[in-house]
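The structure appears right after this line, and notes come after that.
Since the model is a prediction, treat every value here as computed from it, not as a measurement. Lettering of chains follows the sequences in order, A, B, ..., and the numbering in each one begins at 1.
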There are 2 protein chains.
Amino acid sequence: MVKDSKPTKIEDVAARANVSIMSVSRAIRGVEGVSEKKRAEILRLAREMKYVPNSNARSLAVANSNLIGISLPTFAGEVFADILNGMRKTFDSAGYSSVIDTTEYSPEAELNWVRRLLSWQPAGIILTGTDHTPETQDLLRAAPIPVLEIWDQSEDPIDICVGIDHFKAGQMIGEHAVALGYARPAFVSTARGHDTRADARLEGVREVFARLKSAPVLSSRIASDNNFATGFQGTSELLSGDVPDLICYLNDHMAFGGMMSCQAKGLSVPDDIGIIGFNELDLASVLPMELTTVRTLRKLMGIVGARNLLARINGAKTDTCTVLPIEFVPGQTTRPQ
Amino acid sequence: MVKDSKPTKIEDVAARANVSIMSVSRAIRGVEGVSEKKRAEILRLAREMKYVPNSNARSLAVANSNLIGISLPTFAGEVFADILNGMRKTFDSAGYSSVIDTTEYSPEAELNWVRRLLSWQPAGIILTGTDHTPETQDLLRAAPIPVLEIWDQSEDPIDICVGIDHFKAGQMIGEHAVALGYARPAFVSTARGHDTRADARLEGVREVFARLKSAPVLSSRIASDNNFATGFQGTSELLSGDVPDLICYLNDHMAFGGMMSCQAKGLSVPDDIGIIGFNELDLASVLPMELTTVRTLRKLMGIVGARNLLARINGAKTDTCTVLPIEFVPGQTTRPQ
DNA sequence: CTGTTAGCGCGTTCAC
DNA sequence: GTGAACGCGCTAACAG
């Protein structure tokens with residue numbers, strides 16, 4: 001049932017305890033200035049009365065908060081969950097709490113979320129990637145709080161950033177692919193502009209194949225959040241045309257979907273076709289055939305990002321842009337060297 | 001860089017526009033009482049000055065908010081992301097915003113989050129499951145806002161709930177398994193008490209096998225968030241003892257990990273051993289062998305839950321407990337009928 | 001150690 | 001259509 005009683009406020013507790021409001025305030029916050037006797041009694045009463053401080057009033061009074069606002073593209077997949085896990089631990093132990101929303105890759109949704117976040121006067125804001133609407137950037141550059149952009153890197157971040165170089169990651173994939181003798185590569189991803197980091201990786205692969213082999217990179221793009229199914233469908237579509245000798249994927253889950261599609265079409269991996277994933281996800285550890293993929297340090301990224309943001313909040317200086325290393329992980333889904 | 005200027009407030013905009021604070025307030029909120037000329041000018045200036053309303057002050061003044069607090073066990077896996085997707089759309093279009101945190105299956109973490117949530121005076125709170133610390137329950141029952149418990153069901157929810165009957169789901173699995181002729185079942189899951197819904201499903205399977213076959217259900221439990229790896233390891237452990245003829249899993253990802261383990265041990269599915277997953281995840285759609293699993297309507301659950309909570313917020317009455325249907329999906333990883 | 005005063009930024013109420 | 005007071009619940013700064 002909806003209960004209609006007004007919430008208990010600090011004044012109610014003070015009246016009940018026969019002390020001033022300030023004593024209650026001090027007792028609750030655990031600051032000095034109350035005798036231990038009173039403090040204990042006040043805390044007991046507060047608990048009994050189910051008193052919950054009003055954060056709105058508190059934030060208004062102290063003009064700051066210990067809130068970190070986080071914007072993520074999606075909760076689907078392990079990637080952002082991993083980054084988040086790294087960040088949260090760091091924030092928690094520093095006494096900060098975080099609020100999260102997902103944009104589903106929409107810059108407008110991101111702008112709306114940033115507006116709402118700013119209205120809560122957070123201590124800091126974390127955005128995913130470096131692509132934002134001009135208004136988002138304006139708002140954030142004008143805001144009196146540090147801003148962290150994560151997962152991607154940029155020469156000119158809004159404030160600071162921690163990520164990996166997705167274009168270089170694509171180049172790394174391309175170079176290994178060329179070294180392994182592949183000549184007709186393809187890339188299965190989501191709709192262009194949906195995930196701009198994946199787009200950058202594709203461009204990296206393209207650049208290498210254009211430069212070293214004068215070969216184009218076919219691409220198949222399906223807009224969907226279902227990674228396995230999308231990998232499968234994108235691959236099926238690709239295989240209905242000129243069959244490539246290598247397919248790179250947005251991530252390991254899509255790569256697995258793609259492998260299943262190849263298998264369904266009677267193509268053998270890696271003899272007929274090579275497969276390269278991305279992110280080295282949990283799934284890769286159970287496959288009978290080691291998946292060729294790229295290792296990204298997502299949890300570390302979260303920890304470093306959170307740490308740097310906290311440093312900024314505390315007025316310290318940190319690197320403007322931290323680029324984390326990535327590593328190509330050769331497996332059995334591509335030809336042996 | 002951290003910018004040190006104070007944020008623009010409504011007073012600043014008023015001064016710049018040569019109007020009273022109240023006119024700005026009315027213009028910003030889009031309520032009547034300002035001429036269209038003034039409104040347009042005020043909005044233009046506010047935008048130019050990058051004015052962002054202070055939600056703390058606003059909430060304090062109006063004593064309510066359009067905030068929904070959500071507590072989830074984890075972001076890992078598709079399950080809660082799906083439920084969330086259903087909920088968010090509903091809340092968004094109703095003008096509510098939501099803040100989410102994960103508890104990583106810790107009731108104490110849930111309590112802390114609930115405390116923090118309550119301090120923001122939200123319009124409603126959503127919890128996962130029906131297992132909470134006594135203090136969490138007290139706090140929430142005393143709070144003047146509706147509370148939705150999701151994913152599980154209970155005869156006596158804190159306020160309202162929308163979910164499925166996990167014990168019955170286990171029974172359903174058990175009954176199908178018995179009908180298919182299985183006699184030596186096992187269940188691979190996480191540590192007991194970690195995911196109490198999974199525990200309930202296991203008990204459901206146990207009840208059926210005890211009743212119909214007087215057979216025990218072996219179980220292997222590994223605490224980890226990595227579903228694929230956990231499924232693999234739990235299965236390997238299980239197979240080192242008396243080999244069961246059927247293994248049920250916490251979800252499809254774990255089931256796939258388990259299948260890979262069986263394959264590694266030279267066991268053929270479904271001839272040597274049967275596999276049953278749960279949730280019918282995206283992965284199932286790409287496997288060459290249809291996975292026997294149980295379909296849950298997660299997105300619908302989110303939508304129904306959000307709708308019911310909104311109804312409660314608006315003072316309407318709704319069902320105390322809504323139990324959604326589930327469906328056994330026979331596949332090729334269990335023996336044919 | 002304890003209590004009083006003033007004000008955080010905004011919206012309600014009631015004047016004009 | 002417009003604006004001036006007051007108060008939301010809490011805390012900083014000061015007084016005792």
Nearest listed nucleotide, side chain of B:Val19, among C:dC10, C:dG3, D:dG3: D:dG3
Whole angstrom value for the distance that separates P of D:dC10 from CG of A:Leu60: 12 Å
Closest-nucleotide ordering on DNA chain D, the 5'-leading residue of A:Thr8 and B:Ser35: B:Ser35
A:Arg58 side-chain N/O to D:dC8 phosphate OP1/OP2 under 4.0 Å: no
A:Ser59 side-chain N/O to B:Asn56 backbone N/O, donor-acceptor pair under 3.5 Å: no
Between D:dC10 (C1') and A:Asn66 (CG): distance, integer Å: 15 Å
Closest to side chain of A:Ala61, choosing from C:dC8, D:dT2, C:dT12: C:dC8
Interatomic distance, B:Gln121 CD vs D:dC8 P [rounded to whole Å]: 14 Å
Donor/acceptor link under 3.5 angstrom from B:Arg39 side chain onto base of D:dG1: no
Value in whole Å for how far the P atom of C:dC10 lies from CD1 of B:Ile28: 9 Å
Short side-chain N/O contact to C:dG9 OP1/OP2 from B:Tyr51, under 4.0 Å: no
N-O pairing of B:Glu41 and B:Arg44 below 4.0 Å: yes
Any A:Lys38 side-chain nitrogen or oxygen under 4.0 Å from OP1 or OP2 of C:dT2: yes
Check: A:Thr130 main-chain N/O paired with A:Ser154 side-chain donor or acceptor under 3.5 Å: no
Flag, side chain of B:Thr133 to backbone of B:Pro107, donor-acceptor distance under 3.5 Å: no
Residue whose closest nucleotide on DNA chain D lies nearer the 5' end, B:Asn18 versus A:Ser25: B:Asn18
Value in whole Å for how far the C1' atom of D:dG1 lies from CD1 of B:Ile42: 12 Å
A:Glu11 CD - C:dT5 P separation (whole Å): 15 Å
Interatomic distance, B:Asp12 CG vs C:dG9 P [rounded to whole Å]: 9 Å
Side chain of B:Val34 (C-beta onward), nearest among C:dT4, D:dT2, D:dG9: D:dT2
Distance-only donor-acceptor test (3.5 Å): side chain A:Arg26, base C:dG3: yes
Pairing of A:Glu135 and A:Arg115 as salt bridge, 4.0 angstrom limit: yes
Between D:dG7 (P) and B:Asn64 (CG): distance, integer Å: 20 Å
Whether A:Thr128 side chain and A:Ser71 backbone form a donor-acceptor pair below 3.5 Å: yes
Phosphate contact (D:dG3 OP1 or OP2) by B:Ser23 side-chain N/O below 4.0 Å: yes
Sugar-phosphate, base or nothing in reach of A:Ile21, heavy atoms under 4.0 Å: base
Closest nucleotide among D:dC8, D:dG3, C:dT12 to the B:Arg29 side chain: C:dT12
